[in-house]
Amino acid sequence: MPSTTHVMKPRPPVRAFGMAAVLALIGMGFFVTPELFGWDRLLRAIGIVFILLGFVILALAIVAMQKMKVEIVLDDDGYRVVGSSGAKAGSWADIVGVTRSDGRITFYGRDERRSAIVMPRGGSGDLDALGADIARRLDTHRGYGSVPLTFPESTD
């Protein structure tokens with residue numbers, strides 16, 4: 001079976017985007033005001049600071065959103081979870097149980113270690129598809145599967 005990749009993404013940081021937009025608008029107001037009313041050019045410098053702050057917040061929000069993305073790669077040997085804290089891997093042979101709760105899939109290992117894949121609240125990703133894929137991989141690894149039913153031939 002070829003490897004599959006599932007991606008869990010956080011929800012977009014709407015508040016940070018809104019704050020960046022408000023700061024940029026305030027900065028534009030300060031930047032344009034000295035030209036319209038002949039006021040002190042110090043307001044223009046304040047406007048530039050506000051605009052720069054808006055862009056910094058926007059950039060930080062985008063970087064944070066990208067870093068919070070998690071990829072789960074499943075193959076015939078096991079799983080690998082790649083996120084901002086590095087990569088964690090496990091083998092199907094070491095897994096004794098898997099549970100699914102609201103927004104979370106938990107692996108239980110032979111050494112009583114637990115690993116959880118958590119869906120960020122409001123994030124995007126399909127935990128149902130991931131759970132079905134994990135179940136299919138575990139069944140294949142353990143030799144479970146559908147056995148074709150055979151019926152004795154009728155002697156009518």
Side-chain angles (χ1 to χ4, degrees), residues 1-32 44-151:
M1 200 179 317
S3 67
T4 55
T5 302
H6 299 269
V7 178
M8 305 294 163
K9 295 179 183 177
R11 68 184 178 114
V14 176
R15 273 187 262 174
F17 291 157
M19 185 187 292
V22 167
L23 285 173
L25 286 175
I26 291 172
M28 288 302 291
F30 275 116
F31 189 77
V32 173
R44 179 167 284 173
I46 293 172
I48 291 173
V49 169
F50 272 95
I51 292 170
L52 289 176
L53 281 175
F55 280 118
V56 166
I57 289 175
L58 178 66
L60 288 174
I62 290 172
V63 168
M65 192 171 71
Q66 290 298 319
K67 285 197 174 267
M68 290 177 61
K69 179 176 72 169
V70 176
E71 290 184 354
I72 301 99
V73 180
L74 306 176
D75 59 20
D76 292 336
D77 298 325
Y79 65 94
R80 188 168 42 104
V81 180
V82 181
S84 62
S85 62
K88 296 178 184 176
S91 170
W92 297 129
D94 296 333
I95 301 297
V96 295
V98 178
T99 59
R100 166 83 156 71
S101 61
D102 191 32
R104 171 187 302 257
I105 293 178
T106 306
F107 295 110
Y108 296 91
R110 291 195 190 283
D111 56 357
E112 297 182 17
R113 189 174 44 125
R114 294 180 184 177
S115 298
I117 298 171
V118 180
M119 171 68 77
R121 194 172 12 159
S124 65
D126 192 357
L127 278 181
D128 292 331
L130 176 60
D133 196 8
I134 290 169
R136 191 170 44 253
R137 301 260 180 196
L138 280 170
D139 286 347
T140 302
H141 182 267
R142 286 163 170 67
Y144 305 146
S146 61
V147 177
L149 295 175
T150 56
F151 296 103

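This structure is a prediction, so every number in the text was calculated from the model and none was measured.
Pro13 and Met65 make their closest contact through CD-SD, 3.4 Å (heavy atoms, listed as atom of the first residue, atom of the second, distance). Of all the heavy atoms in Ile72 and Leu130, the pair that sits closest is CG2-CD1, 3.9 Å. The nearest pair of heavy atoms linking Ala20 to Ile57 is CB-CG2, 4.2 Å. Across all non-hydrogen atoms, the minimal contact from Phe50 to Gly27 is CB-CA, 3.4 Å.
A distance-only check finds no donor-acceptor pair linking the side chain of Trp92 to the backbone of Tyr79 [under 3.5 Å].
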If you look only at distance, which donor and acceptor atoms sit under 3.5 Å apart when one is on a side chain in residues 1-12 and the other is two or more places apart or in another chain?
residue: Thr4; atom: OG1; partner: Asp133; partner atom: OD2; Å: 2.4
residue: Thr4; atom: OG1; partner: Arg137; partner atom: NH2; Å: 3.4
residue: His6; atom: NE2; partner: Asp133; partner atom: OD2; Å: 2.9

Which atom pairs, donor and acceptor, lie under 3.5 Å between side-chain atoms of residues 96-103 and protein residues at least two apart or in another chain?
residue: Thr99; atom: OG1; partner: Tyr108; partner atom: OH; Å: 3.4
residue: Arg100; atom: NH2; partner: Asp128; partner atom: OD1; Å: 2.8

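Taking 4.5 Å as the limit, every side-chain heavy atom of Ile51 sits out of range of all side-chain heavy atoms of Phe30. Contact check for Val70 versus Val118: no side-chain heavy atoms found under the 4.5 Å cut-off.
Taken from CD1 in Ile105 to CD1 in Ile134, the straight-line distance is 4.5 Å, to the nearest 0.5 Å. Rounded to the nearest 0.5 angstrom, Asp76 CG and Ser91 OG are separated by 11.0 Å. Summarising the geometry, atom CG belonging to Leu23 is positioned 13.5 Å from atom CE belonging to Met28; distances are rounded to the nearest 0.5 Å.
Counting non-hydrogen atoms of other residues, nucleotides and ligands closer than 6.0 Å to CZ of Arg80 gives a total of 12 or fewer. At most 12 non-hydrogen atoms from other residues, nucleotides or ligands lie less than 6.0 angstrom from CE of Met68.
With sequence neighbours excluded, no residue forms a side chain to side chain donor-acceptor pair (under 3.5 Å) with Arg104.
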